[in-house]
Amino acid sequence: MNNFNYYLFDYDGTICNTFPTIHFAMSRTFDKSGLPAPDESTMLGIVSKGGGLHDTIRHLHPDASRLSFDDVEVIAAIYRQEYQACETRLTVLFEGAAEVLKQLKQAGKTVIVLSNKGIGAVERSLKALNLSELTDLVIADGAFPDLALKAKPDPMIYKEFLSQQYNIKNKQEVLMTGDTHADILFANNAGIPSCWAAYGYGVKETCEALKPTYTILEISEIINIK
């Protein structure tokens, strides 16, 4: 085990393979909204950006420039319902993910899930996959409304919350692992080491250009990072 004491993990594309769930739910959502459903390659391209739900809808909508916040929220509400209806059937853990979190917790490490996804979906999924007890904290969209934390890649979550919450003095004790450029850029902006989960949804050229500290081809490799 290495010298990291705080492990920050993205969720989609890092701990879980959620793309089938996202694509199915978004296709159903667009169908119900009278819009052309996104094809798989288009959807994957949007997911690879690592953005939140509202950004994803705007990227996919054929008339995005005319959408108000309320318009997007109507579509988002449909999506949340569709996602919840199919997630337990379609979302699966990446092989070795549960064992990695278990080993980290047994070694006394702090495990934090840090996602741009909605807090309800992340917490529900963690519980369904028996991962809740293997995580110390979950930070996702809507988790702390009073703090108005900014999404990745903005470093606010680390600089103004996590570093103070855990009284972190040495940034080299912290490792951010994620599959998209938003995760690596978040780590770069926060000044902490990064680990690119190359098995996820990120675009290879974009992620490599940000020079992640480490690269893993499967999640189990994180245990052996020195």
Side-chain angles (χ1 to χ4, degrees), residues 8-62 64 72-101 111-135 138-143 151-152 177-183 196-203 207 216-220:
L8 280 54
F9 287 94
D10 175 50
Y11 200 62
D12 296 285
T14 302
I15 294 176
C16 284
N17 181 9
T18 55
F19 180 74
T21 318
I22 294 169
H23 183 232
F24 182 84
M26 192 62 74
S27 296
R28 293 270 298 172
T29 299
F30 270 50
D31 283 341
K32 286 189 171 184
S33 301
L35 299 165
D39 59 52
E40 187 170 327
S41 61
T42 299
M43 191 74 242
L44 184 58
I46 300 303
V47 169
S48 72
K49 298 179 183 296
L53 177 55
H54 279 222
D55 288 337
T56 297
I57 291 170
R58 288 187 181 277
H59 280 302
L60 292 170
H61 200 284
V72 176
E73 183 53 37
V74 168
I75 298 173
I78 299 172
Y79 173 83
R80 293 185 190 104
Q81 291 179 342
E82 292 296 332
Y83 190 96
Q84 185 171 355
C86 68
E87 65 176 325
T88 56
R89 176 167 53 90
L90 298 178
T91 295
V92 295
L93 281 172
F94 284 113
E95 184 176 356
E99 183 60 28
V100 164
L101 298 189
V111 176
I112 299 167
V113 173
L114 178 54
S115 175
N116 286 346
K117 196 183 194 74
I119 183 63
V122 177
E123 289 186 331
R124 192 169 57 245
S125 185
L126 285 168
K127 183 177 181 179
L129 295 167
N130 299 313
L131 298 180
S132 296
E133 294 183 359
L134 301 179
T135 58
V138 179
I139 303 177
D141 185 33
K152 298 175 295 184
T177 300
D179 66 309
T180 72
H181 70 280
D183 301 304
W196 176 42
Y199 55 84
Y201 312 138
V203 177
C207 292
I216 55 175
L217 300 180
E218 54 185 47
I219 194 169
S220 60

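What you see is a predicted model; the values in this text were computed from it and never measured.
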Quiz item: In Å and rounded to the nearest 0.5 Å, what is the CD1 to CG distance from I15 to L129?
Solution: 10.0 Å
Practice problem: Check the angle between the aromatic planes of H23 and F19 and answer parallel, tilted or perpendicular using the 30° and 60° thresholds. | Solution: parallel
Exercise. Give a yes or no on this: more than 12 heavy atoms of other residues, nucleotides or ligands lie within 6.0 Å of atom CD of E99.
Key: yes
Quiz item: Would you call the rings of F94 and Y201 parallel, tilted or perpendicular if under 30° counts as parallel and over 60° as perpendicular?
Solution: tilted
Quiz item: Does R80 come within less than 4.0 Å of E73, counting only side-chain N to carboxylate O?
Solution: yes
Exercise. Could you check D55 against K49 for salt bridge (Lys or Arg N to Asp or Glu O under 4.0 Å), going step by step and ending with a plain yes or no?
Key: CA-CA 10 Å; D55 288 337; K49 298 179 183 296; over 6 Å; no
Quiz item: Got T180 and K152 here, is their nearest side-chain heavy-atom distance under 4.5 Å?
Solution: no
Quiz item: For H54, which residues count as a ring pair (Phe, Tyr, Trp, His ring centres under 6.0 Å) partner, sequence neighbours excluded?
Solution: F69
Quiz item: Can the positive tip of R124 be found less than 6.0 Å from the middle of the six-membered ring of Y83, inside 45° of the ring normal?
Solution: no
Quiz item: salt bridge (Lys or Arg N to Asp or Glu O under 4.0 Å) with K117: which residues, sequence neighbours excluded?
Solution: D12
Quiz item: At their closest point, which heavy atom of I78 faces which heavy atom of S33, and how far apart are they?
Solution: CD1-OG, 3.8 Å
Side-chain donor/acceptor pairs under 3.5 Å, residues 36-44, sequence neighbours excluded:
unit_1	atom_1	unit_2	atom_2	d
D39	OD1	S41	N	3.2
D39	OD1	S41	OG	2.9
D39	OD1	T42	N	2.7
D39	OD1	T42	OG1	2.9
D39	OD2	T42	OG1	3.4

